[in-house]
Amino acid sequence: PGDVVVLQFGHNDQKQPDLLAARGGFSTNLRRFVAEARERGLRPVLATSVERRHFDGEALRATHGDYPQATRDVAAELGASCLDLTPLSATLYTSLGPDGSRALFTQFEAGQHPLYPGGVADDTHFSFAGAAAVAELVAEALAPLLFDPHQEARPA
């Protein structure tokens with residue numbers, strides 16, 4: 001009780017739109033997870049998905065449809081905190097550009113990495129450097145929520 005739990009979904013939910021539509025099963029599940037966390041005395045914090053790395057020329061293209069907004073809306077509806085990681089991650093990738101942002105993801109040329117002898121160009125899963133950079137974004141966004149007296153009261 002009193003611990004913070006960060007809940008982030010959406011990356012894969014959009015692959016099942018009939019079952020987990022942003023304004024259907026996805027939002028219903030977020031509401032359930034927040035309720036279950038609160039029942040256990042936890043402080044739920046919803047987080048929007050980190051963006052995928054998808055550039056059209058120099059412009060980063062949003063890839064999550066309505067899922068980030070659905071997360072924001074459920075957080076507002078339930079009075080839960082929300083870490084808006086979608087724009088934070090998009091800003092990070094954009095600041096590095098199409099070439100520089102590759103280092104944040106699992107991107108290897110053929111023969112460059114023993115786990116990917118034929119190479120890989122994965123714009124969803126982070127490299128160690130990318131994971132650390134995004135963890136820093138999460139920590140910076142989460143820290144004020146942990147110490148804000150206007151957030152959900154911690155149980156005694």
Side-chain angles (χ1 to χ4, degrees), residues 1-55 60-96 100-108 115-116 120-156:
D3 284 353
V4 171
V5 59
V6 178
L7 305 165
Q8 186 272 315
F9 300 93
H11 235 67
N12 294 317
D13 301 80
Q14 66 191 128
K15 295 176 184 177
Q16 299 180 21
D18 294 339
L19 180 62
L20 296 169
R23 302 298 172 157
F26 173 77
S27 291
T28 299
N29 283 340
L30 289 180
R31 288 183 192 94
R32 188 182 93 227
F33 299 146
V34 167
E36 289 177 4
R38 286 176 171 164
E39 287 169 7
R40 289 162 177 79
L42 302 171
R43 291 180 55 200
V45 175
L46 295 179
T48 61
S49 296
V50 292
E51 193 56 80
R52 291 183 180 96
R53 182 186 166 274
H54 190 100
F55 280 89
L60 186 69
R61 192 176 92 192
T63 62
H64 291 302
D66 195 32
Y67 288 85
Q69 189 57 51
T71 302
R72 293 178 199 107
D73 291 346
V74 169
E77 168 193 329
L78 300 179
S81 298
C82 184
L83 299 181
D84 206 355
L85 301 178
T86 305
L88 291 175
S89 57
T91 298
L92 172 63
Y93 311 159
T94 300
S95 72
L96 297 170
S101 62
R102 288 187 70 207
L104 300 178
F105 292 86
T106 308
Q107 302 264 332
F108 298 106
L115 294 178
Y116 306 99
V120 65
D122 182 339
D123 289 322
T124 299
H125 299 96
F126 297 114
S127 63
F128 289 116
V134 171
E136 189 173 321
L137 293 176
V138 171
E140 288 173 359
L142 187 58
L145 301 178
L146 297 176
F147 303 106
D148 184 345
H150 298 95
Q151 298 302 320
E152 288 184 44
R154 295 177 71 117

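For reference, positions follow the sequence shown, starting with 1. Reckoned from all heavy atoms, side chains included, excluding hydrogens, waters and symmetry mates. Given the structure is predicted, the values throughout are model-derived calculations rather than measurements.
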**Prompt:** Where the side chain of S127 meets the backbone of L104, is there a donor-acceptor pair that is under 3.5 Å apart?
**Reply:** yes
**Request:** Would you mind reporting whether N29 and F9 have side-chain heavy atoms less than 4.5 Å apart?
**Result:** no
**Prompt:** Using the ring of each side chain (for Trp, its six-membered ring), is Y116 parallel, tilted or perpendicular to F108, with breaks at 30° and 60°?
**Reply:** parallel
**Request:** Taking all non-hydrogen atoms of both residues into account, name the closest pair between A22 and A70 and its distance.
**Result:** O-CB, 3.5 Å
**Message:** Which heavy atom of C82 sits nearest to which heavy atom of T71, and what is that distance?
**Reply:** SG-CG2, 4.4 Å
**Message:** Within this structure, what is the OH-CG distance for the pair Y67 and L20, rounded to the nearest 0.5 Å?
**Reply:** 6.5 Å
**Prompt:** Within a strict 4.5 Å, meaning less than it, do heavy atoms of the Q69 and R23 side chains meet?
**Reply:** yes
**Prompt:** Closest approach of R53 and S101, non-hydrogen atoms and distance?
**Reply:** NE-OG, 2.9 Å
**Message:** So, taking the atom named OG1 in T91 and the one named CG in L137, what distance separates them when rounded to the nearest 0.5 Å?
**Reply:** 9.0 Å
**Request:** Measure up the Y93 and F105 rings against each other and bin them: parallel (under 30°), tilted (30 to 60°), perpendicular (over 60°).
**Result:** perpendicular
**Message:** Would you say that F26 contacts D66 through its side chain, given a criterion of any heavy-atom pair below 4.5 Å between the two side chains?
**Reply:** no
**Fill in**
On a heavy-atom basis, the closest approach of V6 and A47 is CG1-CB, 4.0 Å
**Request:** Grab the two heavy atoms, one from L145 and one from S81, that are nearest each other, plus how far apart they are.
**Result:** CD1-CB, 3.7 Å
**Request:** Report yes if some heavy atom in the side chain of T86 is under 4.5 Å from a heavy atom in the side chain of R72; otherwise report no.
**Result:** yes
**Item:** From Q107, R102, H54, R52, residue fulfilling side-chain hydrogen bond (donor to acceptor under 3.5 Å, both in side chains) relative to D123
**Value:** Q107
**Prompt:** Which value, rounded to the nearest 0.5 Å, describes the distance between E77 atom CD and L46 atom CG?
**Reply:** 10.5 Å
**Reported CG-to-CG distance for the pair L92 and L85, which is rounded to 0.5 angstrom** = 11.5 Å
**Backbone of T63 reached by a side-chain donor or acceptor of E51 within 3.5 Å** = yes
**Item:** The single option from V4, L7, L146, V5 passing side-chain contact (heavy atoms from CB on, under 4.5 Å) against V45
**Value:** V4
**Prompt:** Would you call L78 and R38 a side-chain contact if the rule is heavy atoms closer than 4.5 Å?
**Reply:** yes
**Request:** Output yes when a side-chain donor or acceptor of T106 lies under 3.5 Å from a complementary backbone atom of H125, and no otherwise.
**Result:** yes
**Prompt:** Of the non-hydrogen atoms in F126 and V134, which two are nearest, and what is the gap between them?
**Reply:** CZ-CG2, 3.5 Å
